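I have placed the structure first, in the form of structure tokens, so that the comments after it can refer back to it.
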Amino acid sequence: MTAPKKRRLWFTISCAALLILLLNYQPIQHYISVVKNKQVVTADSALDEKSRLQSLIEQWKEGKEEQPVDAVVDPTWKAIPGYNGRIVDMEASINKMLAAGAASPEMLVYKEVPPAVSLKDLGAQPIYRGNPKKPAISFMINVAWGNEYLDSMLDTLDKHKVKTTFFLDGSWVKRYPEEAKKIAARGHEIGNHAYSHPDMKTLGTQRIHQEINRTQEIITKTLGIKPTLFAPPSGSFNQRVVQIAHDPFQMNTIMWTADTVDWQKPPPAYVIRKISGLMGNGVLVLMHPTSTSEKSLDQLLTIAKQKGLVPTTVTEVISSNRIP
């Protein structure tokens, strides 16, 4: 064996001997033991903390969970939408508290539970209101005239950061496409208000189809939107109208819970007093772009918020989604 090979062999043997010595050295053995024990203790501590949080959450969720409410057909209000229930999401709540390093009832995470019977299950029915458990309200605006008040009403809605639903007459959209685009551009929901403002309940099947379809076409062509809500002009309808709107157009027929009757030009103070007394969960308020509503809208929105209601679109009011 050559000298270099002998040196490499002795070096290898020396390293192996040193490694054996180190591994059997008591401080090393002690360190390995401590690390292993620490890992076990840490895992046990995490399990203990999760168990502690689970116990707290079980206490905190008492009285905070709610059962869903089914949609029903009421003799007076016809189709009343359902309302989602809520339950505590145990895993999400624990993870949130662990990540925050804190725990309190305000940190509970919920998930919604839909009702067994939804609005769709009720078939072709008119809708006059949202669910009475939902703290939402809509100041919906039917537009077939009154352009001079639109900008002011839009500005008031912007001021309150509210999006609502405008039901547009088809012939109005054809005459004033830029006004219609302005409403849509401000983020408001667009509904169908027939084409020529007829008395829908007096029309035959073909004419009902025509009134709804022409308006759908002009709104889609002008705004790129296909409405899912239909508001009969003057609130005039029969079951045939509701059925045709529902099928083939897949639209809900929308009425109202409270009417400003603003087209009669009552004093704004009268409208504010009347409507504020009718405000409540799930209420749909009928308005038009009139001087009376223009002067009433700001205060009505303020009063609604003071009552704990969320002014929003008709679609949101009649959905089963919970208000945060």
Side-chain angles (χ1 to χ4, degrees), residues 74-81 83 126-169 172 183 186-191 193 197 229 231-237 253-319 323-324:
D74 182 82
T76 301
W77 294 111
K78 305 307 176 184
I80 297 182
Y83 192 48
I127 302 170
Y128 286 79
R129 58 165 304 126
N131 191 281
K133 291 195 68 169
K134 185 169 184 174
I137 188 170
S138 187
F139 295 90
M140 58 191 196
I141 302 170
N142 290 356
V143 183
W145 34 264
N147 293 12
E148 63 268 39
Y149 305 109
L150 270 175
D151 284 345
S152 176
M153 295 181 78
L154 287 169
D155 289 343
T156 299
L157 290 164
D158 282 351
K159 170 186 171 183
H160 286 267
K161 299 180 180 178
V162 167
K163 305 303 179 189
T164 193
T165 303
F166 285 78
F167 288 93
L168 305 183
D169 175 279
W172 181 87
I183 296 169
R186 303 283 270 266
H188 299 290
E189 181 177 45
I190 303 299
H193 195 44
H197 213 271
L229 304 175
S234 305
S236 175
F237 72 96
T253 296
I254 303 299
M255 300 301 290
W256 60 81
T257 326
D259 189 357
T260 59
V261 198
D262 54 2
W263 55 274
Q264 293 184 353
K265 302 180 181 179
Y270 169 81
V271 169
I272 291 167
R273 184 170 63 253
K274 173 188 175 182
I275 299 302
S276 62
L278 297 173
M279 287 183 188
N281 291 357
V283 166
L284 302 178
V285 180
L286 176 61
M287 311 183 88
H288 302 84
T290 65
S291 175
T292 295
S293 283
E294 176 203 26
K295 293 179 173 65
S296 304
L297 184 58
D298 181 71
Q299 196 165 341
L300 288 173
L301 289 168
T302 298
I303 294 170
K305 292 177 180 179
Q306 290 171 345
K307 288 176 175 283
L309 301 170
V310 177
T312 185
T313 63
V314 171
T315 289
E316 180 54 39
V317 171
I318 68 174
S319 81
I323 294 292

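The model shown is predicted, which means the values in this text are computed figures rather than measured ones. Along the sequence shown, the residues carry numbers beginning at 1.
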* Heavy-atom pair of closest approach, residues Y128 and W77 -> CB-CE3, 3.5 Å

* **Test item: M153 and L150 side chains (from C-beta on) under 4.5 Å apart, heavy atoms** => no

* **Set of side chain to side chain contact (heavy atoms under 4.5 Å, CB included) partners for L278, sequence neighbours left out** => A258, K274

* Asked: For atom CH2 of W145, is the number of surrounding heavy atoms from other residues, nucleotides or ligands below 6.0 Å larger than 12?
  -> yes

* To do: Test side-chain contact (heavy atoms from CB on, under 4.5 Å) on L168 and H193 and set out the steps.
  => CA-CA 5 Å; L168 305 183; H193 195 44; 5.5 Å; no

* Asked: When rounded to the nearest 0.5 angstrom, what distance separates OG1 in T302 from NZ in K305?
  -> 6.5 Å

* To do: Spell out, as yes or no, whether a donor-acceptor pair under 3.5 Å connects the side chain of H288 to the backbone of N142.
  => no

* Asked: Which distance, rounded to the nearest 0.5 Å, do you find between the CG of L286 and the OG1 of T260?
  -> 5.5 Å

* Under 3.5 Å, is there a donor-acceptor pair linking the side chains of S276 and K307? -> no

* Out of I254, V317, T313, which residue meets the side-chain contact (heavy atoms from CB on, under 4.5 Å) rule with M140? -> I254

* **Nearest-0.5 Å distance that lies between atom CG in L300 and atom CD1 in I275** => 7.0 Å

* Could you tell me the separation between the CG atom of L284 and the OG1 atom of T165, rounded to the nearest 0.5 Å? => 9.0 Å

* To do: Under the ring-ring contact (aromatic ring centres under 6.0 Å, His included) rule, collect the residues that match up with H160, sequence neighbours excluded.
  => none

* Can you name the residues that form a side chain to side chain contact (heavy atoms under 4.5 Å, CB included) with A79, not counting sequence neighbours? -> L119, L122, Q125, I127

* Structure fact -> Taken to the nearest 0.5 Å, the spacing of T290 OG1 from W263 CH2 works out to 11.5 Å

* Test side-chain contact (heavy atoms from CB on, under 4.5 Å) applied to L301 and L157, step by step -> CA-CA 8 Å; L301 289 168; L157 290 164; 4.2 Å; yes

* **Atom pair NE2 (H197) and OG (S234), whose distance is rounded to the nearest 0.5 Å** => 4.5 Å

* Quick one: does T156's side chain have a donor or acceptor within less than 3.5 Å of a partner on S152's backbone? -> yes

* Side chain of S293, backbone of P289: donor and acceptor closer than 3.5 Å? -> no

* Asked: When you look at NZ of K159, are more than 12 heavy atoms from neighbouring residues, nucleotides or ligands closer to it than 6.0 Å?
  -> no

* Asked: Can K295 and D262 be counted as an ion pair, charged N to O under 4.0 angstrom?
  -> no

* Taking the side chain as every heavy atom from C-beta outward, state whether S319 and K134 have any pair of such atoms under 4.5 Å apart. => yes

* **Over all atoms of both residues, closest heavy-atom pair of S296 and I272** => CB-CG1, 4.0 Å

